[in-house]
Amino acid sequence: MTTSAQPTPLTVDEIDALRRYARDPASIDPGLRDALAAKGMLQHDDGAPSLTPAGEHALHVDHGPTVPGLDN
């Protein structure tokens with residue numbers, strides 16, 4: 001794995017944005033939305049972004065199923 005291929009940790013602002021996004025997708029800035037999509041936290045389904053399994057996991061790390069690649 002090259003340095004550029006390593007995952008980038010989420011910032012506090014990005015985690016807060018994920019929480020807000022889960023409640024109201026229109027509540028976050030488009031630039032922040034694009035940054036979260038680039039980190040694999042959001043995906044575009046039929047033009048509308050939604051939380052990925054990794055995004056859900058980032059919000060609920062204390063329970064729920066594991067995400068392959070993140071938890072192993």
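- Sequence neighbours left out, the pairs with a member in residues 15-28 that pass salt bridge (Lys or Arg N to Asp or Glu O under 4.0 Å) are Asp16-Arg20.
- Atom CE of Met41 sits about 9.5 Å away from atom CG of Leu51, to the nearest 0.5 Å.
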Could you give the side-chain donor-acceptor pairs of residues 28-36 under 3.5 Å, partners two or more places apart or in another chain?
{"from": "Asp29", "atom 1": "OD2", "to": "Gly31", "atom 2": "N", "distance (Å)": "2.8"}
{"from": "Asp29", "atom 1": "OD2", "to": "Leu32", "atom 2": "N", "distance (Å)": "3.3"}

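- Shown here are the side-chain hydrogen bond (donor to acceptor under 3.5 Å, both in side chains) partners of Ser27, two or more places apart in sequence or in another chain: there are none.
- Among all heavy-atom pairs drawn from Ala54 and Gly40, the shortest one is CB-O, 3.8 Å.
- Shown here for Leu18 and Gly55, the closest heavy-atom pair between the two residues is CD1-O, 4.2 Å.
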